[in-house]
Amino acid sequence: STLPQLDDPHEEKSGLINMTKIAQGGRKLRKNWGPAWVVLTGNSLVFYRERPPQSAPSQGWVSIGQGEQQGFGGYWFAPRAPAGSRPESSVDLRGAALANGRHLSSRRNVLHIRTVPGHEFLLQSDEEPELRAWHRALRAVIERLVRR
Ligand code: I3S
């Protein structure tokens, strides 16, 4: 799915960071490092090719349909986003694992994320505090999801 899980869509952190996918559904992929605009929400990590224009939360929310099939009698809402800012991909962070990625790359400050369905990503920044901030924020979200 290209849409994040929508029951907890509030933004925890976002920013431009170097990223490569290294596995999809357990299958290894060839690295393709590049900058991505990454948004961490309450339960998903969402990747954009670039920063979506005017993505400020003040733009509000838009209904994207009813949730009855999922046993939820309400409506799903997604952040209102202008055309052309669809995410490239997103992953559910429930049960995801985080590790230092130093054994997977020659780059410095690399974080390795592996999701339950076996999608794996590396995040990298030349700025160590920036990578640490991502690590902390991701760890907090993943721990909170375990307790829910
Ligand atoms: O883990 P690898 O395969 O050594 O990763 C490097 C390669 O993907 C390389 O591209 P090709 O070998 O496909 O041409 C990339 O240019 C490197 O950046 C990859 O390694 P780093 O250490 O940068 O993650």
Side-chain angles (χ1 to χ4, degrees), residues 1-62 64-65 67 70 72 76-148:
S1 163
T2 55
L3 278 174
Q5 299 293 304
L6 295 171
D7 59 319
D8 191 2
H10 68 271
E11 182 175 312
E12 302 281 344
K13 180 173 175 59
S14 62
L16 196 67
I17 192 160
N18 297 319
M19 188 276 280
T20 180
K21 210 172 201 182
I22 59 169
Q24 170 79 30
R27 271 194 20 196
K28 258 197 96 171
L29 297 175
R30 187 164 186 176
K31 279 181 186 165
N32 183 21
W33 282 108
W37 184 263
V38 182
V39 177
L40 175 63
T41 74
N43 54 16
S44 297
L45 197 58
V46 188
F47 300 99
Y48 295 84
R49 207 176 294 281
E50 54 192 32
R51 183 179 194 160
Q54 302 170 315
S55 64
S58 61
Q59 287 207 80
W61 300 82
V62 60
I64 59 165
Q70 289 83 15
F72 159 64
W76 291 111
F77 289 87
R80 186 183 296 283
S85 63
R86 282 179 63 82
E88 227 176 316
S89 63
S90 73
V91 290
D92 185 351
L93 290 173
R94 192 178 300 272
L98 277 182
N100 192 304
R102 68 162 69 85
H103 57 298
L104 295 170
S105 177
S106 62
R107 296 184 173 212
R108 59 183 178 168
N109 310 322
V110 177
L111 184 60
H112 179 205
I113 305 163
R114 191 184 66 242
T115 66
V116 168
H119 308 321
E120 296 182 53
F121 303 86
L122 301 179
L123 300 184
Q124 188 270 339
S125 173
D126 288 340
E127 310 300 327
E128 188 180 347
E130 183 58 18
L131 196 83
R132 282 177 179 282
W134 275 103
H135 195 166
R136 271 198 308 275
L138 279 157
R139 191 171 53 210
V141 164
I142 291 168
E143 280 175 3
R144 199 188 305 139
L145 287 168
V146 167
R147 290 196 303 266
R148 280 214 313 215

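First listed ligand is number 1; within each ligand, the first listed atom is number 1. All values below come from the heavy atoms of this structure, side chains included, with hydrogens, waters and symmetry mates left out. All figures in this text were calculated on a predicted structure; none of them were measured in a lab.
With contacts defined as side-chain heavy-atom distances shorter than 4.5 Å, the pair Leu40/Leu93 qualifies. Between Ser105 and Lys31 there is a side-chain heavy-atom pair separated by less than 4.5 Å. Inter-residue side-chain proximity for Asp92 and Thr115 is flagged as unmet; no heavy-atom pair is nearer than 4.5 Å.
There is no protein heavy atom closer than 4.0 angstrom to atom 4 (O) of ligand 1. By the definition of a contact as any protein heavy atom under 4.0 Å away, atom 10 (O) of ligand 1 is not in contact. Within the 4.0 angstrom cut-off, atom 21 (P) of ligand 1 has one or more protein heavy-atom neighbours.
The option with the heavy atom closest to atom 13 (O) of ligand 1, from among Arg30, Arg107, Lys28, is Arg30. The closest non-hydrogen atom to atom 8 (O) of ligand 1, taken over Arg108, His103, Gln124, Lys31, comes from Lys31.
Of the protein's heavy atoms, Trp33 NE1, 3.4 Å lies nearest to atom 23 (O) of ligand 1.
Shown in contact with Ser105 at under 4.0 Å from a heavy atom are these atoms of ligand 1, numbered in order with element: 21 (P), 22 (O), 24 (O). Near Ser106, meaning under 4.0 Å from any of its heavy atoms, are these atoms of ligand 1: 21 (P), 22 (O), 23 (O).
Of the options Trp33, Phe47, Trp134, a ring pair (Phe, Tyr, Trp, His ring centres under 6.0 Å) to Phe121 is made by Phe47 and by none of the others. With Leu123 as the partner, the side-chain contact (heavy atoms from CB on, under 4.5 Å) test is satisfied by one option alone out of Met19, Glu130, His135, His112: Met19.
With respect to the salt-bridge test (charged N to carboxylate O, under 4.0 angstrom), the residues Arg136 and Glu12 do not qualify.
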